[in-house]
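Reviewing the structure listed below.
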Amino acid sequence: MVKIHLEHVTKLFGKVVAVDDVTLTINEKEFMVLLGPSGCGKTTTLRIIAGLEEPTEGEVYIDDEPVTYLPPKDRDIAMVFQNYALYPHMKVYDNIAFPLRLRKYPKEEIDKMVKEVAEMLRIEELLDRMPKQLSGGEQQRVALARALIRRPKAFLLDEPLSNLDAKLRVMMRAELKRLQKELGVTTVYVTHDQAEAMTMADRIAIMKDGKIQQVGSPADVFNKPVNLFVAGFIGSPPMNFIECTATEKGDQFLLDAGEFQLDVTCFKDIIKKNATSSELVLGIRPDNVMVDRERKEGLVAKATVYVIEPLGSETIIDLAIGDNIIKARTLEVVDLKMGDEVWVGFDMERLHIFDKKTEKAII
Amino acid sequence: METPQKPKGRKKVRWIEKNIKFLFVVPAIIYLLALLLFPAVFNLYASLHDWWIGRSPKFIGAENFIELFHDNRFINDVIVTFKFVIIAVTIEVGLGFLLALAATKITKGVQIFRVLFIFPIMVAPIAAGYMWRMLLHADYGVIPNLLARLGFPRVEVLSNPKLAFWGIILIDVWQWMPFVFLVTYAGLTALPKEPYEAALVDGASSWQIFRHITLPLISPILLTVTLLRFVEAFKVFDIIYITTGGGPGIMTESLSLYVYIQGLKFFNLGYAGCIAWVFFLIVMVLTTLYILRLRKEMKL
């Protein structure tokens, strides 16, 4: 099993910067997810690791060996493509056997290995079919089988679940994770779905505009986002942002959002040290918004219930505070209705404060 | 409550709506009857008669057919035609496909090739024949003159027993290889990109990718273009008629030319019809076999 390392990798397509100075290490046996919106350069980064694209600048290392200019076939990595890229003219059996045939394995051994991997992925009964006769989920398993069969040094997966329906996606998510842990293969997984990233990854690298924004464990990127983008991208429903101005009133240090003021005297020193101006953005996850009909301690803002979204096990309440709409999530039974006046407070231990200009996290 | 009455004449309108489709097929049926079925039946009728233009036909049964298989000129022409078809089509498909493969590797300037390659296809075979007769003329032809300057002997290609056949092949390849190029190039550029990348990652070499990905994926197009050339090449007439007239002797005489000579030069309608029918059967049997194979290949 191997370690993959990207060193200041940049890729230009004409004048468009697809990947911008990316440095990233994927450790042995690690499940690394590259997460980001469409066009953020995550797939290009994966293709650079595979050798399907040559970086304009920078180096790629597999097990400390530079492989930047090595063709894909000499890197011993396997890749599952977004649309599976099965060979349309070959039966499932031949698709899976293809990598071994290229390496001139004896026929009996190929047969044994194909059957083994088919059993592992529960596709034994599909071996005689053509790819076009398979459903999306089945094609995905065949693509996985083809990648697994030659026991590669590393797996690269490019949004392999994006073409599946929601139910199958959730099921395959768990299966892929189990498979990766069982085989212990270093894996790089590209997705734009933060739920996939959070559930499967050992570590997540969040990308935007070709740049890596943050690398960390799912808990890290969720609880300690380094900037507004990461904070807004991770989590569903996303984090609430409220623009505010820092003001001092006697001993108190307040965040003034217009409709309400929040006492953040406890963070005064950190904010003063790190903020480039008094313009700040308050960030709070829906789970950390408290709502009550009565004004209690810690509830700071008056709000109107805008809409209620019951999801069975939980309820999302959209609240209007002046012009801002924020979401609150609660597991309790909600007896509110649209238009009700309520009081809203924030869990101060889970508060995030960002610099509006640099978009970087202060707290 | 009264049920609404069906409007009068509705039945008639429906009948017309249902059957009008047949009206649209009538021109095609007339075309088929007039230009295909009638000549075929007429030729079959003629082939069973001793029938010279200007004389009344006399029924002789299969006599023309029996005579045909003892006719050395017919056997020569069958061999010439087959040799022509096999060599010309092989070169056209092979060279056209190789050029198309090479063109897929070129990123700039392919458009120019594509435009240039359309010209030979647009030229009428008669015009192409005349043009090449000029180009290959021993005294004032460009090609023999250029070759003579390079030290080669000056030869009249199209009347030379050793070269005439190859001259015909050259002209046919010049005219039809671009067709194969254009069709296969279009096919190659339309192939899905993903299997290639998958094969690269799976560890395939350039040759393995060609052998296991490109060739199987392009084979339906390759087989179709071969079939088209195959059927077309069997009917070769114009370029031979213009350039060699079947000569020297009957060395470049194709079956089509022989049918023409028997029918419209010797006025032997019966015998010409007989050759045309045997020729038709040969092409039909071969084409059917080819199509069967094609169908099998197409079942991807």
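None of the values given here were measured: they were computed from a predicted structure.
- Note on residues 189-215 of chain B: pairs passing ring pair (Phe, Tyr, Trp, His ring centres under 6.0 Å), not counting sequence neighbours, are A:Phe98-B:His212, B:Trp207-B:Phe210.
- Partners of A:Thr56 by side-chain hydrogen bond (donor to acceptor under 3.5 Å, both in side chains), not counting sequence neighbours: none found.
- Note that CD1 of A:Ile149 and CG of B:Asp202 are 10.5 Å apart. Values are rounded to the nearest 0.5 Å.
- Counting heavy-atom pairs closer than 4.5 Å to chain B, the top-ranked of the candidates A:Asn83, A:Asp74, A:Leu86 is A:Asn83.
- Contact of A:Arg47 with chain B is made through the side chain alone, with heavy-atom distances under 4.5 Å.
- Under a cut-off of 6.0 angstrom, the local environment of CD1 in B:Ile112 is sparse, with at most 12 non-hydrogen atoms contributed by other residues, nucleotides or ligands.
- No side-chain heavy atom of B:Val80 sits less than 4.5 Å from a side-chain heavy atom of B:Tyr258.
- Contact annotation: the side chain of A:Leu144 never approaches that of A:Pro160 to less than 4.5 Å [non-hydrogen atoms, C-beta and beyond].
- Contacts with chain A (heavy atom to heavy atom, under 4.5 Å) involve no residue of residues 24-37 of chain B.
- Partner B:Phe234 forms a ring-ring contact (aromatic ring centres under 6.0 Å, His included) with one of B:Phe84, B:Tyr290, B:Phe82, B:Phe280 and no other, that one being B:Phe82.
- Atom CD1 of residue A:Ile49 and atom CD1 of residue A:Ile62 lie 8.0 Å apart, to the nearest 0.5 angstrom.
- Here the NZ-OG1 distance, from B:Lys83 to B:Thr252, works out to 10.5 Å after rounding to the nearest 0.5 Å.
- Using a 4.5 Å cut-off between heavy atoms, A:Leu156 makes no contact with chain B at all.
- For A:Arg203 against A:Thr25, the heavy-atom pair with the smallest separation is NH2-O, 2.7 Å.
- Scanning residues 101-115 of chain A against chain B with a 4.5 Å non-hydrogen threshold yields A:Leu102, A:Arg103, A:Lys104, sorted by number.
- How far CG of B:Leu286 is from CZ of B:Phe230: 4.5 Å, rounded to the nearest 0.5 Å.
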